Amino acid sequence: MTDTHDTVGKDFIRQIIIADNASGKHDGNVVTRFPPEPNGYLHIGHVMSICLNFGIAREFNGRCYLRFDDTNPVKEDQDFVDSIMADVRWLGFDWEDRLTHASDYFDGIYDCAIKLIEDGKAYVDSLSAEQIREYRGTLTEPGKNSPHRERSIDMNLDLFRRMRAGEFADGVHVLRAKIDMAAANMNLRDPALYRIRKVNHQRTGDAWGIYPMYDFAHTVSDALEGITHSLCTLEFEDHRPLYEWILDNLDLPNRPRQIEFSRLNVAYGITSKRKLAALIEDGLVSGWDDPRMPTVAGMRRRGYTSQSIRNFVCNAGVTKKDKLIEMGALENCVREDLNENAPRVMAVLNPLKVVFLNYPEGGTELLAAANHPNRPELGSRDIPFGREIFIEHDDFMADPPRKFFRLRPEGEVRLRYGYIIKCVDVISDEAGNITEVHCTYDPDTKSGRPGAERKVKGTIHWVSASESVAVKVRLFDRMFTVANPDANRDGKTVTDFINPNSLDVVNEARVEPALVGMEPGAHVQFERLGYFVIDAKDSKPGHPVFNRVVTLRDSWAKIEKAQLAEI
RNA sequence: UGGGGCGUAGCCAAGUGGUAAGGCAUCGGGUUUUGAUCCCGUGUACCGCAGGUUCGAAUCCUGCCGCCCCAGCCA
């Protein structure tokens, strides 16, 4: 345990906490909470909050609650509660016995409302929602008082109790804080505290017909729970005066401080639960866990590791500046993790048959292949080789450009973990498509054999034609065509920016036979192609489905692009 | 035109009055049976702009400009 925290390099929130601890503000206690509303799946934006709240609790020997903000039963669902818990755990955090719900505090919150009414600081308004909106004024004009604003305390108490008793229909009355209808901050123009919602709540059933609004429920829950630092995103900055007002006007056991930080956005993605839900409803993705979705569940299925996501979020930092982080930063984090940990295997996405004219008919042999070039302790495996193999179609060009190091007519190339081969003939169909390549192999160049070190420019991956297995592979691309689809532009919505090519399914990819026995969720690197994961949902025993997490860095692609630009 | 917030290299981000860290990206180069990894090297950032205070300012003051958020009985 270290108490000599240096603030240098620490984000502004940690600096505040360090200062609070130094001044003894909360007797050195640090209590945070991650308060999701169970109305959707967690996305990459939430991960920031999770890492911050749980991370800070861990670093400062504090505690972090997982508190479901379940104050609006019409939008919330137990399925979302379950997915959120699974995601938080998967991300590596533990709330231990600190799983709570705003609904756990409904009694206390109700008591707070009564107290405000008794003190003349809240009143029951009977204006319609539309009327309240009209009375609220605009950004530049003050609002005006509701005709019900000066109801007696007794009448307010009576009305509010009857609201609770279920005597009124939805929308008939609402409890409002009595603050200032002329406040420049709209949140202070007598904000609603309670509304009537005669619906069943997923936890409290029909015990309540009224539910507290976010600002009220959240503030009181924070105080009741003993939260010291209530961390939230920037859009709640305008709510802080209301948060303070609630705290000021109630006798709560603790005074938390709200601190706001900016949300994390990733380019070419969206982090709006409403918009993500719309993608599902419109059938543009298969669900919350579609591998293209920026949800935790989607990213997990896509193959992003928990570690890589945490690193990404951590690298992004905590500030108050709007951020739109390049996808490359996220990709770098997975590559970093998977480069270290994913075993290497060979697979061919777009097979081109190669026949070795000088290799015996029906002959086969096993070649030793390292599971990880930089980590010999991970061992090796034997892969079958024979007279016919498949190579990647892209690795052969009849008329190649400059600097193309792969197979070409009369050219030589090394087969990864195998022989050096030479192209002697190219077979095409009537349409001119190359259908097969004939080669000779050089027996003296078998990988690992002394004297086999002859150098050739290129090494390509391959798979035995007879022993390899056909599998389905899914290649993903960015979900949207623009970096910030969330930004409003000319009335277009996010669906206007959908990338029609975000999913490419390869039904007949060929892989080493050993891959068929791997567990769903396992990560591998297909050499020269990228990192892949065995889909945990669509794979069946004996029939794995592979998702491409991310490609390898590809400097050839850059050269190719540069050459095209020259023309 | 009201209120709140933010502006340091393409993207993040340190810096808290003493003369601009780091990461990602980029571009070179080396190693390499993955054009991967790894290793080196690579950026005049007029610190949004303009004034001012100071021996000295990204850091303090003033005025502008730009971007984001706020008018749910959503969170």
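Note that the coordinates shown come from a computational prediction; the quantities given were computed from them, not determined experimentally. Chain naming here is simple, since letters A, B, ... match the order of the sequence lines and numbering starts at 1 in each. The figures here come from the full heavy-atom set of this structure, side chains too, leaving out hydrogens, waters and symmetry mates.
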Using OP1 and OP2 only, check whether a side-chain N or O of A:K455 sits under 4.0 Å from B:U33.
yes

Considering only B:G2, B:A71, B:C24, which nucleotide approaches the side chain of A:N332 most closely?
B:C24

Is there a donor and acceptor pair, one atom on the side chain of A:R528 and one on the base of B:U34, closer than 3.5 Å?
no

Return yes if some donor-acceptor pair links the side-chain N/O of A:D190 with the main-chain N/O of A:I179 below 3.5 Å, else return no.
yes

Which nucleotide in the list B:C73, B:C69, B:C11 gets nearest to the side chain of A:A129?
B:C73

Do A:H461 side-chain and B:A36 base share a donor-acceptor contact under 3.5 Å?
no

With the side chain of A:D238 defined as its heavy atoms from C-beta on, choose the nearest nucleotide among B:C69, B:A36, B:A71.
B:C69

Set of residues satisfying side-chain hydrogen bond (donor to acceptor under 3.5 Å, both in side chains) with respect to A:Y135, sequence neighbours excluded
none

Searching all strands shown, indicate the nucleotide that pairs with B:U33 (Watson-Crick or G-U wobble; both distances under 3.5 Å).
none

Checking N1-N3 plus N6-O4 or O6-N4 for Watson-Crick, or N1-O2 and O6-N3 for wobble, each under 3.5 Å, the partner of B:G66 is B:C6

Quick one: the side chain of A:E141 and the base of B:G2, do they pair up donor-acceptor inside 3.5 Å?
no

Donor-acceptor pair under 3.5 Å, A:R416 side chain vs B:U33 base
no

Look at the side chain of A:E340 against the base of B:U37 and say whether a donor-acceptor pair falls under 3.5 Å; ignore hydrogens and angles.
no

Using the side-chain heavy atoms of A:R195, tell me which of these nucleotides is nearest: B:U34, B:U37, B:A75.
B:A75

With both distances kept under 3.5 Å, what pairs with B:A58, Watson-Crick or G-U wobble?
none

Could you say whether A:R197 or A:N185 is positioned toward the 5' end of RNA chain B, judged by the nucleotide with the nearest heavy atom to each?
A:N185

Kindly confirm or rule out a cation-pi arrangement of A:R478 over A:Y268, judged by NZ or CZ under 6.0 Å from the six-membered ring centre and within 45° of its axis?
yes

Find out whether the Lys NZ or Arg CZ of A:R164 is both under 6.0 angstrom from the six-membered ring centre of A:Y110 and within 45° of the ring's axis.
yes

